[in-house]
2 protein chains.
Amino acid sequence: MKTLTSRQLQVLEFIQDSIRVANMPPTIAEITVAMGFGSTNAARGHLQALERKGAIELIPNSSRGIRLVQAGAFEPGLPLVGRVAAGRPLLAEENIEDYRPVDPSFFSPRADYLLRVLGESMRHAGILDGDLLAVHRSPTADNGQIVVARLQDEVTVKRLRRTGQVVYLEAENPGFPAIEVDLKQETLALEGIAVGVVRNL
Amino acid sequence: MKTLTSRQLQVLEFIQDSIRVANMPPTIAEITVAMGFGSTNAARGHLQALERKGAIELIPNSSRGIRLVQAGAFEPGLPLVGRVAAGRPLLAEENIEDYRPVDPSFFSPRADYLLRVLGESMRHAGILDGDLLAVHRSPTADNGQIVVARLQDEVTVKRLRRTGQVVYLEAENPGFPAIEVDLKQETLALEGIAVGVVRNL
DNA sequence: AAAAGCAGTGCTAATATATTCAGTATGAAA
DNA sequence: TTTCATACTGAATATATTAGCACTGCTTTT
């Protein structure tokens, strides 16, 4: 989508608000009033510009015939992180596979992103290969929580178990050994804590 | 809300579909066409009846001026079914614990409601006690699918396995025996097929 | 210097849409 | 038996809404 001017953005935002509040797009006249135009053509011009730029779609001869094109313009959903490129922040653009319409506040604390789970190491916690893990960004976590951690450019989902200065990242599947991190020697970079699981069957 | 007639319900459902699909309420003319009426007044009559009964609100002199009154018209979410009362339809009001902001179309096929899972019988399929199972209403299911079935006023989640005239509802946890249903003697009432899992950690 | 995009006004025509009035027919409730 | 709600048809009207034409003025790009 091409960049919008600030005025066009205002119009777009009014349309989004309209849909959110009234559950229907506004008429051109409503936009005209809301924006303080003296002529409906001012609004029409903006709508046509927005359509040219791909922000909306106009349905000819249809009242309130404005359709938001952006999938999730008002509900962007959560970024889905898939394979993580080495040396890049977890939420760097190249790690974001897609956006999924999941309500962040459905989880508590709020979910910040979704992580696609690889492998079976957490199977016994009901987290299977391919599941989407809802993650809340947090640099700290409590004992016993399931966390997302970075270890040498590898992202892993494990249960955190701390005893003194040693942290164990435990799998929930026999055969997968726990990872031991000595806080005196290395730092443990937590990416977040797991707050939920979403699975498509 | 007073009870609606079946015809009124059809109109209401069309309006709901319209909002879901087109993101805006239909015009009276659109309802007229969709319902196969010969006159817009047929649709109008239904709309006024729906308004009297509190299902919708009509905005006078406004195109597409139909507003769903239902809490959650904007974010209907999915009904969460908890404990199921004996002898009552699964989606009867008294079975609906709450509504949860989960996007029905996130799953495929679309989820119609969420069922709170009780017990550990599907643990090895990654479905734990307390999980919310996204369910698509369907009277039929394929072999191997995880289904929601009604057996003597009990709702169970099991994997469907069919051999000839005998259906096995298999648990995914050793120690939980499969339930055998002989279709020659009893009927199996499927409530739906599982299309997803949502868990709050 | 010309062309294109931006941001508007003002008016009119076309048509989409809601609304009103006048009916028919059925079944349930008072 | 009258009244009321349901479930429609049919035609006409009022208004809401989109759409088109002709402008002005400013800024940015070519």
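Just so it is clear: chains get the letters A, B, ... in the order the sequence lines come, proteins before strands, and each one is counted from 1.
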Exercise. Describe the nucleic acid contact of B:Gly38 in one word from base, sugar-phosphate, nothing, applying a heavy-atom distance below 4.0 Å.
Key: sugar-phosphate

A:Glu30 meets the side chain to side chain contact (heavy atoms under 4.5 Å, CB included) criterion, sequence neighbours left out, with A:Pro26, A:Thr27, A:Arg64

What one should report as the nearest heavy-atom pair of A:Pro109 and A:Ile193 is CG-CD1, 4.4 Å

Within the structure, does a side-chain N or O atom of B:Arg7 lie under 4.0 Å from either OP1 or OP2 of D:dA5? no

query: Do the side chain of B:Glu51 and the main chain of B:Leu58 share a donor and acceptor less than 3.5 angstrom apart?
result: yes

Rounded to whole Å, the CE-P distance (A:Met24 to D:dA16) equals 14 Å

Rounding to 0.5 Å, atoms CD (A:Glu170) and CD1 (A:Ile179) come to a distance of 10.5 Å

With sequence neighbours left out, the residues meeting ring pair (Phe, Tyr, Trp, His ring centres under 6.0 Å) with A:Phe37 are A:His46

Below 3.5 Å between N/O atoms, which protein atoms pair up with nucleotides 26-29 of chain D? Just atom names and distances, please.
none

Kindly say whether B:Thr140 contributes a backbone atom to a donor-acceptor pair with the side chain of B:Ser138 at under 3.5 angstrom? yes

Per atom distances to the B:Arg52 side chain, the nearest of D:dA5, D:dA7, C:dC6 is D:dA5

Between CD of B:Glu51 and P of C:dA18 the distance, given in whole Å, is 14 Å

Side-chain ion pair, B:Arg137 and B:Glu191, N-O less than 4.0 Å: no

(message) Does D:dA5 have OP1 or OP2 under 4.0 Å away from a side-chain N or O of B:Gln8?
(response) no

Contacts satisfying ring pair (Phe, Tyr, Trp, His ring centres under 6.0 Å) that involve residues 117-144 of chain A (not counting sequence neighbours) are none

Heavy-atom neighbours of B:Arg162 CZ exceed 12 at 6.0 Å: no

Below 3.5 Å between N/O atoms, which protein atoms pair up with nucleotides 17-22 of chain D? Just atom names and distances, please.
{"unit_1": "D:dT17", "atom_1": "OP1", "unit_2": "A:Arg64", "atom_2": "NH2", "d": "3.3"}
{"unit_1": "D:dT17", "atom_1": "OP1", "unit_2": "B:Ser63", "atom_2": "N", "d": "3.2"}
{"unit_1": "D:dT17", "atom_1": "OP1", "unit_2": "B:Ser63", "atom_2": "OG", "d": "3.2"}
{"unit_1": "D:dT18", "atom_1": "OP1", "unit_2": "A:Arg64", "atom_2": "N", "d": "2.9"}
{"unit_1": "D:dT18", "atom_1": "OP2", "unit_2": "A:Ile28", "atom_2": "N", "d": "2.7"}
{"unit_1": "D:dT18", "atom_1": "O3'", "unit_2": "A:Asn61", "atom_2": "N", "d": "3.3"}
{"unit_1": "D:dA19", "atom_1": "OP1", "unit_2": "A:Asn61", "atom_2": "N", "d": "2.5"}
{"unit_1": "D:dA19", "atom_1": "OP2", "unit_2": "A:Arg44", "atom_2": "NH1", "d": "3.0"}
{"unit_1": "D:dG20", "atom_1": "O6", "unit_2": "A:Asn41", "atom_2": "OD1", "d": "2.7"}
{"unit_1": "D:dG20", "atom_1": "O6", "unit_2": "A:Asn41", "atom_2": "ND2", "d": "2.7"}
{"unit_1": "D:dC21", "atom_1": "N4", "unit_2": "A:Asn41", "atom_2": "ND2", "d": "3.0"}

In 5'-to-3' order, the base (B), backbone-only (S) or no-contact (-) status of each nucleotide in nucleotides 23-30 of chain C, using a 4.0 angstrom heavy-atom cut-off, is --------

Between CD of A:Gln10 and P of C:dC6 the distance, given in whole Å, is 15 Å

When rounded to whole Å, the CG to P distance for the pair A:Leu50 and C:dG5 reads 15 Å

- Query: Counting distance only, does the side-chain N/O of A:Asn173 pair as donor-acceptor with the main-chain N or O of A:Arg123 below 3.5 Å?
  - Reply: no

Between the CD1 atom in B:Ile56 and the CG atom in B:Leu50, the distance rounded to the nearest 0.5 Å is 4.5 Å

